[in-house]
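It should be emphasised that the depicted structure is a prediction, and the values quoted were computed from it without experimental measurement. Order of listing sets the numbers, starting from 1, for every ligand and every atom in it.
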Amino acid sequence: MLKNKNIVLGITGGIAAYKAAELTRALIKEGANVKVIMTESAGKFITPLTMRTLSQNQVYTDMFVPVDKYDIAHIALADFADAFVIAPATANIIGKIASGIGDDLLSTTIMAQDKPTLICPAMNDKMLSNPVVQENISKIKKIGYVVMESAEGELACKTKGKGRLPEIPKIMEEIKRILASKDFKGVKVLITAGPTEEPLDPVRFITNMSSGKMGYALASAAHGRGAKAILISGPTSLPSPPVEKIIKVRTAKEMHKAVLDNYKKVDVIIKAAAVADYRPKVTLKEKIKKDTKKISLKLEKNPDIISEVGKNKGKRILVGFAMETQNLLANARNKLISKNMDLIVANNLREEGAGFRTDTNIITIIDRSGKIESLGKMTKIGAAGVILDRVKKLLGRKGKGKK
Ligand code: CTP
């Protein structure tokens, strides 16, 4: 999907600049045309010659050297690009973008363009968590720049923390996502994600292993493809994806209410949340003390949210998930029919690389005609893309519309 796409890669001065070489190779390998802009400090970490050799293009470093006889560099590069990527992005370039400073070729070019732009911060962990840097990141996100989360691990300064450049395959996924066509423009999508928590007392609760990663990937992919996405999320530690609206809930009852309040407004409902099927019959106001020898919990059933939506879905597309440990296909097919879904995405918790908390998933998509599509291991972002492709086909067939 990157074939013949024009990418302008901005490299700024951080130790991760050497990884921009690897990113360039990955882009070229997938058929993209890459033009590189380097800041003066980037040149202290990696040479323009390296980047010229890998990108097979002239490298741009100077504001005042014209691209060719007639073009002005920052305008010509802005015209050329289908997308801009800054990797690594220092606190300095983020600050400049947030404040409207254009004092070199990269900052000026970024200001003079309106293409999808991906910023991949990489810096020392304390620098990254500095409130000013965080404020700048929030500011540029609000304007519409896509800012990736830095990875955690060992940093060049020998400390451990958050601040590493995201892994190259993740950057590649994100570049593909921002370049994806806006084929969900005008479509409203509601997505549920994460676990629910069912409190026993003020300090304890029943929950499950869901991290929310699959639902968040779907929300972010839907938004990226132009949908108006509403995300209803149980408690997770994930950063909020860029969507129209996020409703944070804790319990299944709260999720139930949020879904019922919102599903009539949308065309597509995707229920990726792992809703707790049971909740404690009573939630104690005070902490349960350990002075009794035996304790038994009385549980009662939570509402089955997707079944209720299934009964009144009208023309809406309803997609559910099935997480199984055995009889994957039979169980998933039963859920598809009994809950009146249009598609079910099944995954087997026992398979390596599938299920909760991983960044990858191995999914099987089943539709109402009984068609079974088993997909190999892919990232959750990749899986989200395929699920949306299948939803898109159904939207085309059914004719988008509520009621
Ligand atoms: N679901 C829901 N409300 C519930 C339970 C599940 O909306 N109270 C939805 C999930 O979001 C998912 C689908 O139903 O899209 C299937 O969830 P799953 O937990 O796999 O199935 P259950 O119906 O709960 O059946 P079981 O736990 O017996 O496998």
- Message: Checking side-chain polar atoms at under 3.5 Å, does Tyr216 have a donor or acceptor matched by the opposite partner on Ser211?
- Response: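 The answer is no; no qualifying pair exists.
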- Name of the residue among Glu300, Glu254, Glu197 meeting salt bridge (Lys or Arg N to Asp or Glu O under 4.0 Å) with Arg279: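 With Arg279 as partner, Glu300, Glu254, Glu197 yield a single salt bridge (Lys or Arg N to Asp or Glu O under 4.0 Å), made by Glu300.
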- Query: For Ile86, which of Leu9, Ile97, Ile11 qualifies under side chain to side chain contact (heavy atoms under 4.5 Å, CB included)?
  - Reply: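 Exactly one pass, corresponding to Ile97.
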- Message: As a quick check of understanding, evaluate side chain to side chain contact (heavy atoms under 4.5 Å, CB included) for Met38 and Val59, giving each step before the final call.
- Response: CA-CA 7 Å; Met38 290 175 68; Val59 168; 3.8 Å; yes
- Message: Rounded at 0.5 Å granularity, tell me how far CD1 in Ile337 sits from NZ in Lys339.
- Response: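 The CD1 atom of Ile337 sits 13.0 Å away from the NZ atom of Lys339.
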- Message: Using 0.5 Å steps for rounding, measure from the CG atom of Leu218 to the CD1 atom of Ile381.
- Response: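 Atom-to-atom, Leu218:CG and Ile381:CD1 are 10.5 Å apart.
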- Atom-level proximity to ligand 1, residues with heavy atom under 4.0 Å: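 Residues within 4.0 Å of ligand 1: Lys271, Ala273, Val275, Asp277, Pro303, Asp304, Ile305, Ile306, Gly320, Phe321, Ala322, Met323, Lys335, Lys339.
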